[in-house]
Amino acid sequence: MYILGLSGGFRQGNMDSAACLIHDNRIIAAAEEERFVRIKHAPGLMPLQAIKYCLNEAKISFSDIDLLVFSGATYKNIKEQLKKYFIFRFGHCPEIVLVEHHIAHAASSFFVSGFKNAGILTMDLSGDGISTLMAYGDGTKITKLKQFERSNSLGAYYNIITQYLGFNRNNDEYKVMGLASYGKPVFNLSWLLKKTTEGYIFNANAIRKIDADQPFPSMQEPLYNREFIRHFPHPRLPGTRITKYHMDFAASAQRLLEEVITHLATQLYQMTDSRNLCIAGGVGLNCVVNARLRGLPFIENIFIPPASSDAGMAMGSALKVAVENGFKFERLKHAYYGPGYSNRDIEKTLRHIKCTYRHCDNIPLFVAKKISESNIVGWFQSRMEYGPRALGARSILADPRLANMKDRINHLVKFRESFRPFAPSILQEYAAEYFKDAIESPFMTINFDVQSDKRNKIPAVAHVDGTSRVQTVARNVNPTYYDMIKYFYRFSSVPVVLNTSFNVREEPIVCSPYQAVATFYESGLDYLAIGDFILEKRKKL
């Protein structure tokens, strides 16, 4: 049975459009539309190019799809709209199944967690009128325990904080998380959000009122209103200097979010008695919160999928329907479900755009050597990652031992704010040596404290608060990437490389060879390792 799961939609507020194709009990392909159309989050789009990719990867036609699953159960006339769309685009429409937004989030985590049972917590801005879901997963069933309506939204809370600090909501929340480490939680934000015996209350009076058809303002407008400004009268204008006030405000907002979510997790444990916890939804990408959850005394195991945002609902909705049809899935070990390109395809592109390049017999060895010599390398290998994190397929790599490497990449390659941290990829067997209480963490969704005696060894990937958002790398999952890090270990005595996404500021991660070459030449990268080929920039004399 071929099941095609979709996220996205026709409304401007539909973000993170994606497609995922499942055949029986195997995930064949999954990718976000933004990677193909080159518009971050692909707002207001159906995942047309992602669908075509999934079909091509499986070598099937659209008419071979048995079930089409869409995560948006309460949208008015959505089945009829989808049917018209697919007949228009493909001349055919399979049977359509609708899945609730937060159930799709829950399924994206629980059904590939490897847990027999788990408490499930999904949190985002809103979907199908719900902003937070507390549920219990047991075998093939997900049971709702408690849900919070759209007006009572943790996503809206963090949206407001993001905009107040001069960033773009639904895009820059991770900047707030990074900035928070520079400040102290000195502001009282309980007027806006507070814990309650029922869970929490977000003060929706802080949000500008629109109308029933558009519950939130567009992302070009402020989400907060005059009442919010009356309490906090100093919003930062985009592009202006970041002060201690802004750092402290970010720290205060982040700390409050952590306290509320740990409170929810505690209540969830009391309801389920399960020591396993599954997280999903856009708020689930907050790796500082996830670290707090993992440290709770009653949590033994935690799972956060690589695509926790709305893009993950494409996989989640397909998984739910597949499980209902009797199929089972192992624990998700990797996120490499996107497009891959053969050496033949890559060389065809390089010749077409008349690049100077050369073949390399041992890419991992070459890249490790160049990184150890303080070069910054673009890394384009195998199939692309599904989700927002670069995990060793579409990455920018550098030496974590150099204290100035963070500033070099931020200013010369990524063209982004200087406070933004970078993540480490580490050989899995050395994780506990470098990070406190380290566990397998292949998706870079949890922060860990750097061991005190290792901070001076990897300063470029240790954040100002002494933490890192870690990716553990196993050879059986990504042998090429693993071998490169192991070669680097031989050169440097450090089993860690700096890993950041292969893109520049405000652009999606590169998907195709052409996009990789374009980003290589428009940024300060020194080398590009693409398939078995090397591109090198001529050094100034």
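Ring-centre distance between Tyr200 and Phe148: below the 6.0 Å cut-off. For Phe303 and Phe110, the gap between ring centers reaches or exceeds 6.0 Å. Not less than 6.0 angstrom separates the ring centroid of Tyr386 from the ring centroid of Tyr337. Phe187 has its ring centre less than 6.0 Å from the ring centre of Phe249. Note: Tyr336 and His334 meet the aromatic proximity criterion, with ring centroids under 6.0 Å apart.
The side-chain contact (heavy atoms from CB on, under 4.5 Å) search around Thr140 returns Val323, not counting sequence neighbours. Not a single side chain to side chain donor-acceptor pair (under 3.5 Å) links Asn225 to another residue, sequence neighbours left out. Annotation: side-chain contact (heavy atoms from CB on, under 4.5 Å) contacts of Lys144 (sequence neighbours excluded): Glu100, Ile103, Leu133, Gln147.
Residues Ile96 and Phe86 fail the side-chain proximity criterion, which asks for heavy atoms closer than 4.5 Å. Using a 4.5 Å cut-off on side-chain heavy atoms (C-beta onward), Cys511 and Tyr341 make contact.
For Leu285 against Arg389, the heavy-atom pair with the smallest separation is O-NH2, 3.1 Å. The shortest heavy-atom contact between Leu82 and Cys93 is O-SG, 4.4 Å.
A cation-pi arrangement, defined by a distance under 6.0 Å to the six-membered ring centre and an angle within 45 degrees of its axis, is present between Arg236 and Phe167.
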Test side chain to side chain contact (heavy atoms under 4.5 Å, CB included) applied to Tyr174 and Asn286, step by step: CA-CA 7 Å; Tyr174 53 89; Asn286 193 305; over 6 Å; no
Take Phe111 and Phe329 through the ring pair (Phe, Tyr, Trp, His ring centres under 6.0 Å) test and state the conclusion after the steps. CA-CA 7 Å; Phe111 288 136; Phe329 298 85; 8.1 Å; no
Pair Ile142, Ile120 - check side chain to side chain contact (heavy atoms under 4.5 Å, CB included), show working. CA-CA 9 Å; Ile142 294 175; Ile120 307 170; 4.1 Å; yes
Would you please test Phe62 and Lys52 for side chain to side chain contact (heavy atoms under 4.5 Å, CB included) and show each step? CA-CA 8 Å; Phe62 193 73; Lys52 291 179 178 179; over 6 Å; no
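Atoms CD and CG, from Glu227 and Asn203 in turn, are 7.5 Å apart once rounded to the nearest 0.5 Å. The CE atom of Met1 sits 13.5 Å away from the CG atom of Asp64 when rounded to the nearest 0.5 Å.
Note: Phe202 and Tyr157 have perpendicular aromatic rings, judged against thresholds of 30 and 60 degrees for the angle between ring planes.
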